[in-house]
Amino acid sequence: MVAEPVTMGPPIQLDSNGKEYTVGCVVRVALPLKAFQVQRKGRGSFDPETKAFVPRPEDVTERNQLCLELPPGLLGVVKRVYDTEELGPNFAVHVKFTPGENVDSDGYDTPVPFLMHFDNHELEVVE
């Protein structure tokens, strides 16, 4: 009897609830984060009461303020899940946020489209 080689696929990435990240699944930001790679008009934060976007004043120059503050509950779509053994990225889940898409009862809607890499513990799978 000849043993057949076992082929294993790339390791799967799971959120804190044990749900797998897959391309196309909707995810929710799980904790407050900052996105620095957004367009200038997307820099700002969200009002916690109204959930409305509040842009930063144009005269702000501090590096830690030149960002979009992501609130827990903001929804996006997974565009790629990296194989951490093959590529070794620090943030293996690549997510796209698009205005007007995936807005739920939390009511947060991103002001500009952008892509961002996340670590597993920073997101939760919704669908």
Side-chain angles (χ1 to χ4, degrees):
M1 181 192 257
V2 177
E4 293 183 26
V6 177
T7 57
M8 297 182 67
I12 59 173
Q13 302 293 327
L14 303 175
D15 71 2
S16 59
N17 297 317
K19 294 182 181 176
E20 182 180 358
Y21 292 110
T22 57
V23 173
C25 75
V26 176
V27 292
R28 173 182 293 117
V29 174
L31 52 121
L33 298 167
K34 292 183 177 185
F36 289 94
Q37 71 285 9
V38 295
Q39 301 169 34
R40 179 169 288 164
K41 66 181 181 178
R43 295 175 180 164
S45 60
F46 291 88
D47 182 288
E49 299 294 320
T50 65
K51 314 289 188 200
F53 174 67
V54 180
R56 289 263 188 267
E58 290 292 322
D59 60 350
V60 172
T61 58
E62 297 88 31
R63 167 93 168 100
N64 68 344
Q65 297 296 311
L66 299 175
C67 63
L68 171 60
E69 295 180 25
L70 305 181
L74 184 66
L75 300 176
V77 176
V78 174
K79 291 299 179 184
R80 185 168 181 189
V81 181
Y82 290 90
D83 177 351
T84 55
E85 289 182 3
E86 182 180 318
L87 298 174
N90 293 334
F91 303 102
V93 185
H94 199 203
V95 178
K96 183 172 185 177
F97 297 90
T98 306
E101 290 185 13
N102 303 306
V103 180
D104 71 356
S105 60
D106 286 334
Y108 294 111
D109 189 15
T110 181
V112 294
F114 68 98
L115 292 160
M116 185 169 168
H117 292 266
F118 290 89
D119 199 0
N120 294 357
H121 73 279
E122 297 172 332
L123 300 168
E124 297 171 343
V125 175
V126 175
E127 297 178 356

(request) Output yes when a side-chain donor or acceptor of Tyr21 lies under 3.5 Å from a complementary backbone atom of Ala92, and no otherwise. (result) no
(message) Show the nearest heavy-atom pair for residues Leu14 and Glu20, with the distance to one decimal.
(response) CD2-CA, 3.6 Å
(request) Please confirm whether the backbone N or O of Glu49 pairs with a side-chain atom of Asp47, one donor and one acceptor, at under 3.5 Å? (result) yes
(request) Determine, using the 4.5 Å side-chain heavy-atom cutoff (strictly less than), whether Phe118 and Leu115 are members of one ILVMFWY cluster. (result) no
(request) Quick one: closest heavy-atom pair of Leu70 and Phe114, and the distance? (result) CD2-CZ, 3.7 Å
(request) State whether Arg56 and Glu62 are salt-bridged, where the test is any N-O pair (Lys NZ or Arg NE/NH1/NH2 against Asp/Glu carboxylate O) under 4.0 Å. (result) no
(message) Could you measure the distance from the CZ atom of Arg28 to the CD atom of Glu124? Nearest 0.5 Å is fine.
(response) 6.0 Å
(message) With rounding to the nearest 0.5 angstrom, report the NZ to OG1 distance, Lys96 to Thr110.
(response) 11.0 Å
(request) Heavy atoms only: give me the nearest Asp15-Leu123 pair and the separation to one decimal. (result) CB-O, 3.7 Å
(message) In the structure I gave you, are the side-chain heavy atoms of Pro113 and Pro99 within less than 4.5 Å of one another anywhere?
(response) yes
(message) For a quick test of reading the model, state the closest non-hydrogen atom pair linking Val126 to Val27 and the distance between them.
(response) CG2-C, 4.0 Å
(message) I need the minimum non-hydrogen distance between Glu122 and Leu31, along with the two atoms involved.
(response) CA-CD2, 3.9 Å
(message) Let me confirm one number: the CD-NZ distance from Glu69 to Lys34, rounded to the nearest 0.5 Å.
(response) 5.5 Å
(message) Is the ring pair Tyr108/Phe46 parallel, tilted or perpendicular, if the boundaries are 30 and 60 degrees?
(response) perpendicular
(request) Compare all side-chain heavy atoms of Pro71 with those of Pro32 and state whether any distance is below 4.5 angstrom. (result) no
(message) Ignoring hydrogens, what is the shortest heavy-atom contact between Met116 and Ala35? Give both atom names and the distance.
(response) SD-CB, 3.7 Å
(request) Start with the C-alpha gap between Val93 and Val78, add the side-chain angles, then the distance that decides, and say whether side chain to side chain contact (heavy atoms under 4.5 Å, CB included) holds. (result) CA-CA 7 Å; Val93 185; Val78 174; 4.0 Å; yes
(message) Can you tell me how far apart NZ (Lys19) and CG (Asn120) are? Round to the nearest 0.5 Å.
(response) 15.0 Å
(request) Find out whether Glu58 and Arg40 are in side-chain contact, i.e. whether some heavy atom of one side chain is under 4.5 Å from a heavy atom of the other. (result) yes
(message) As an exercise, state the distance from NZ of Lys79 to CZ of Phe97, rounded to the nearest 0.5 Å.
(response) 11.5 Å
(message) To the nearest 0.5 Å, what is the distance between CG on Asp109 and CD on Glu101?
(response) 9.5 Å
